[in-house]
Amino acid sequence: MRFIFLTAVTLVIVGCSTSQPTVAPIVTEAPKTTESAPLEPLPQVTPHPDVITIAEAIALLNDPSAVASTAKHHGYKMLSNYGVYRLDNYSSMLYKNCKPAKLMGNNVYEDMPLPLRKGTSSYVAIKDDVTIGVFNAKAYTNLTEQLLAAGFRLVSEGHETEYTNGTHTAYCYASRKTIRIEK
């Protein structure tokens, strides 16, 4: 009797429950991969006359002793031991059509160099890597085109877009218009 009662209660509970609709899983095909043709190099890009080139920045990365001659060649002013407050310390800071940020202490500045109104403002920060910063969209676009023409290929997009040529890696930060190149 007890068995019949439990079976009846179970049937009532199961029969009264709301049924959940089942949804068939959506199946999509994976994109077909094809073998890509070898990448052709982009045509040569005429570098912006007021800004250091990507090739020269890579040369500075490989030979830091050439900083003074590169600065003189492009008309950059140079500061040694440029520290940005609570951020980073650079062995050399080259700047053109810029002024250094507010000095807060012994070789410690409030920020990176600030642009002036006339000319194309740019700076080059050198430590274990080389960072080129510009304040002009046209100059930034020219630098990214130079990267691609130099054989750098896209690795990933994100906060900083990453490019590599196998030996060097470049990180492009579009909102600050900076390109950081490292080994």
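Note that the coordinates shown come from a computational prediction; the quantities given were computed from them, not determined experimentally. Along the sequence shown, residues are numbered consecutively beginning with 1.
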Is there a path of hydrophobic side-chain contacts, each under 4.5 Å between heavy atoms, that joins [X] and [Y]?
X: Tyr76; Y: Ile58; answer: yes
X: Val134; Y: Met78; answer: yes
X: Leu61; Y: Val51; answer: yes
X: Leu103; Y: Tyr123; answer: yes
X: Tyr171; Y: Leu147; answer: no

Gap separating the [atom1] atom of [X] from the [atom2] atom of [Y], nearest 0.5 angstrom:
X: His159; Y: Ser175; atom1: NE2; atom2: OG; value: 6.5 Å
X: Ile52; Y: Ile132; atom1: CD1; atom2: CD1; value: 5.5 Å
X: Leu94; Y: Lys72; atom1: CG; atom2: NZ; value: 14.5 Å
X: Phe152; Y: Ile181; atom1: CZ; atom2: CD1; value: 5.5 Å
X: Glu182; Y: His168; atom1: CD; atom2: NE2; value: 10.0 Å
X: Ser91; Y: Leu79; atom1: OG; atom2: CG; value: 12.0 Å

ask   = Does the side chain to side chain contact (heavy atoms under 4.5 Å, CB included) test come out yes or no for Tyr85 and Glu110, once each step is laid out?
value = CA-CA 5 Å; Tyr85 182 67; Glu110 190 174 51; 5.7 Å; no

Mind listing the closest non-hydrogen atom pair of [X] and [Y] along with its distance?
X: Gly133; Y: Thr178; answer: CA-CG2, 3.9 Å
X: Thr144; Y: Cys172; answer: CG2-SG, 4.1 Å
X: Pro113; Y: Phe135; answer: O-CZ, 3.3 Å
X: Thr167; Y: Asn165; answer: N-OD1, 3.0 Å
X: Leu114; Y: Ala101; answer: CD1-CA, 4.3 Å
X: Ala125; Y: Met112; answer: CB-CE, 4.0 Å

Q.
Surrounding CG of Asp128 (heavy atoms of other residues, nucleotides or ligands, distance under 6.0 Å), is the total greater than 12?
A. no

Could you check if a side-chain atom of [X] sits within less than 4.5 angstrom of a side-chain atom of [Y], using non-hydrogen atoms only?
X: Asn62; Y: Lys183; result: yes
X: Asn106; Y: Asn81; result: no
X: Leu143; Y: His48; result: no

(message) Let's go through Leu116 and Lys99 carefully: what are the C-alpha distance in whole Å and the side-chain angles of both, what is the deciding distance for side chain to side chain contact (heavy atoms under 4.5 Å, CB included) to 0.1 Å, and is it a yes or a no?
(response) CA-CA 7 Å; Leu116 297 176; Lys99 63 178 182 176; 4.3 Å; yes

Once the angle between the rings of Tyr109 and Tyr82 is folded into 0 to 90°, is it parallel (under 30°), tilted (30 to 60°) or perpendicular (over 60°)? parallel

Open item on the list: Could you go through Leu148 and Tyr163, starting from their C-alpha distance and side-chain angles, then the distance that decides it, and tell me whether this counts as side chain to side chain contact (heavy atoms under 4.5 Å, CB included)?
Closed with: CA-CA 9 Å; Leu148 296 173; Tyr163 294 90; 3.7 Å; yes

[X] side chain to [Y] backbone, donor-acceptor under 3.5 Å:
X: Thr161; Y: Glu157; answer: no
X: Gln146; Y: Ile54; answer: yes
X: Ser121; Y: Asn97; answer: yes
X: Thr53; Y: Ala57; answer: no

